[in-house]
Structures are given as C-alpha cells and as structure tokens.
Amino acid sequence: MALDDHIERILWTEADIAARVSELAAQISDDFREHTPSSPLILVGVATGAFLFFADIVRKINLPLTVDFIRVGSYGCGTQSTGAPRISCDINTDVKGKHVVLVEDIVDTGHTLSCLIAHLESKGAGSVSVCAFLDKPTRRKVHFQLVGDGKLYSGFECPDHFVVGYGMDFAELYRNLPYVGVLKPEHYN
Ligand code: 5GP
Ligand code: MG
Ligand code: MG
C-alpha cells in the first residue's frame, strides 16, 4: 500500500509550500540584514516536526547564520497535547545577546512555544523571533510574548484538523510526505 492512500485531503502541495517558504525566507532576510554584519543570526529548529521546514528555509535565507536544534515533548503518540512541554534536548549555542529565530512546525495551544521562548530568554537571547510553518489561531490557549524586537512569521493558517506530512507525524509516521494533508479517519487508530 502507498503512503498517499492514507491521506484523505491535501491542504498544501509541495509547490504551495516551496512558494511560501521562499516568501518567509525573503522576509527574514530583509528584517535581519542590518543586524547580521556584527553577529550571525541563530536559527533553532524544534525537533522533530520542523526538520523539513527548517532544512528548506535555511537554504533560502541569504544571511550569515548558524543552526541548532532543540527537542521538546508534550504529545506522546496521540493527537492532543498533554499540556506541560518538557525540553529533552537543549541547544549547544551560546545565545547571549544574539538574535534567535525559533523554527517550529505548527503552533497549536501555544504551550510549546511559550516554554521555548522563556527558555531562550533565560539564556539571555537578545531577541527571540518565531517562524512557524502552520498556525492554528483558533486553538490558542497561551499567548506567547516574543523577546526584544523579535518578530512572528507564519506560513499558513491551518484549519482545526490534525494534519500530517512535511515533517509532521501521527505516531511518528507520515513525516516523509512532501505535502501537508489530513489522514483518513481509519488511520488514527
Ligand atoms: P502546542 O504546544 O502549541 O499545543 O503544540 C505544538 C506542537 O504540537 C507542534 O509543534 C506539533 O508538534 C504538535 N501539533 C499540533 N497540532 C498538530 C497537528 O495538527 N499535527 C501534528 N502532526 N502535530 C501537531
Ligand atoms: Mg513541533
Ligand atoms: Mg508529533
């Protein structure tokens, strides 16, 4: 059976994604160009879900930058957040006084990002921006505050469905789909 057969509906195709990623990268490049002669921008990918988005967007940002990853868990294997996120693998980069962009797959309740922003702020980051591939604003429970003159970038507004593909999983599967879609109900079990 092909993996595609598990998908009920595609929300964003590979071409939709590529076009939007280029736009976001151009915006980030413009916004940080004046800061980067003194110190490179630090891009922090939130593992695992953001890995494809991260790989795509860093290649389109035309500025000196460094990359790092942070791992955070709250979901387990289901489709509902279990609340308190936990950082299980931290960055190695010294972010003190630096401009940091957190690259996340999807903002849902906002718990994960508010935890990560507070964490980077406690490490002394000069600014913390967020670049989220998808945003589900109707599901927000926590309104996170960016740090310094940090900015919010978001790829697409996502309807209130559990989506998979382009890095995002259900029970660790479907991350390798090159597009974003909704699973057929029979595959959630
Ligand atoms: P939050 O802490 O904002 O509630 O949840 C953020 C995390 O939950 C995201 O980074 C993502 O990993 C996961 N998540 C939220 N909505 C979805 C979804 O529709 N599909 C998948 N695969 N993960 C999701
Ligand atoms: Mg995530
Ligand atoms: Mg997940």
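Indexing begins at 1, ligand by ligand and atom by atom, following the structure's order. Every value quoted in this text rests on a predicted model; they were computed, and no experiment measured them.
Using a 4.5 Å heavy-atom threshold, the side chains of P185 and E8 count as touching. L120 has its side chain out of reach of V147: every pair of non-hydrogen atoms, C-beta onward, lies at least 4.5 Å apart.
For ligand 1, the atoms closer than 4.0 angstrom to any heavy atom of T109 are 1 (P), 2 (O), 3 (O), 4 (O). For ligand 1, the atoms sitting less than 4.0 Å from at least one non-hydrogen atom of M168 are 22 (N), numbered in the order shown with element in parentheses. Counting atoms of ligand 1 from 1 in the listed order, those under 4.0 Å from a heavy atom of D169 are 21 (C), 22 (N). The H111 neighbourhood of ligand 1 comprises atoms 2 (O), 3 (O), with distances under 4.0 Å to a heavy atom of that residue. Atom numbering of ligand 1 starts at 1 in the shown order; those under 4.0 Å from a heavy atom of H161 are 19 (O). Heavy-atom contacts of K136 reach the following atoms of ligand 1: 16 (N), 17 (C), 18 (C), 19 (O) (cutoff under 4.0 Å).
If you check each of L173, T112, L183, V163 against atom 6 (C) of ligand 1, the one with the closest non-hydrogen atom is T112. Summarising the contacts of atom 24 (C) of ligand 1 with I106, V142, T48, the nearest heavy atom is found in I106.
Taking 2.8 Å as the threshold, D169 counts as a candidate ligand of the Mg ion (ligand 3), since one of its N, O or S atoms lies below it.
With hydrogens and angles ignored, the 3.5 Å screen pairs no side-chain donor or acceptor of R139 with any backbone N or O of G110. Of the possible donor and acceptor atoms, none in the side chain of S129 sits under 3.5 Å from a partner among the backbone N and O of V101.
Aromatic ring centres of H187 and F170: separated by at least 6.0 Å.
The proximity of V46 to ligand 1, defined as any non-hydrogen pair under 4.0 Å, does not occur for either the backbone or the side chain.
Assignment of F162 to the shell around ligand 1 is supported, since a heavy atom sits closer than 4.0 Å. Close to ligand 1: G110, with a non-hydrogen atom less than 4.0 angstrom away.
Under 3.5 Å, the side chains of D68 and T93 contain a donor-acceptor pair of N or O atoms.
To the nearest 10 degrees, the Mg ion (ligand 2) sees OE1 of E104 and OD1 of D105 at an angle of 70°.
For R71, the salt bridge (Lys or Arg N to Asp or Glu O under 4.0 Å) criterion is met by no residue, not counting sequence neighbours.
Between F133 and the choices Y153, F51, F53, the ring-ring contact (aromatic ring centres under 6.0 Å, His included) rule is met once, by F53.
Between K184 and D5 no salt bridge is recorded (no basic side-chain N to carboxylate O distance below 4.0 Å).
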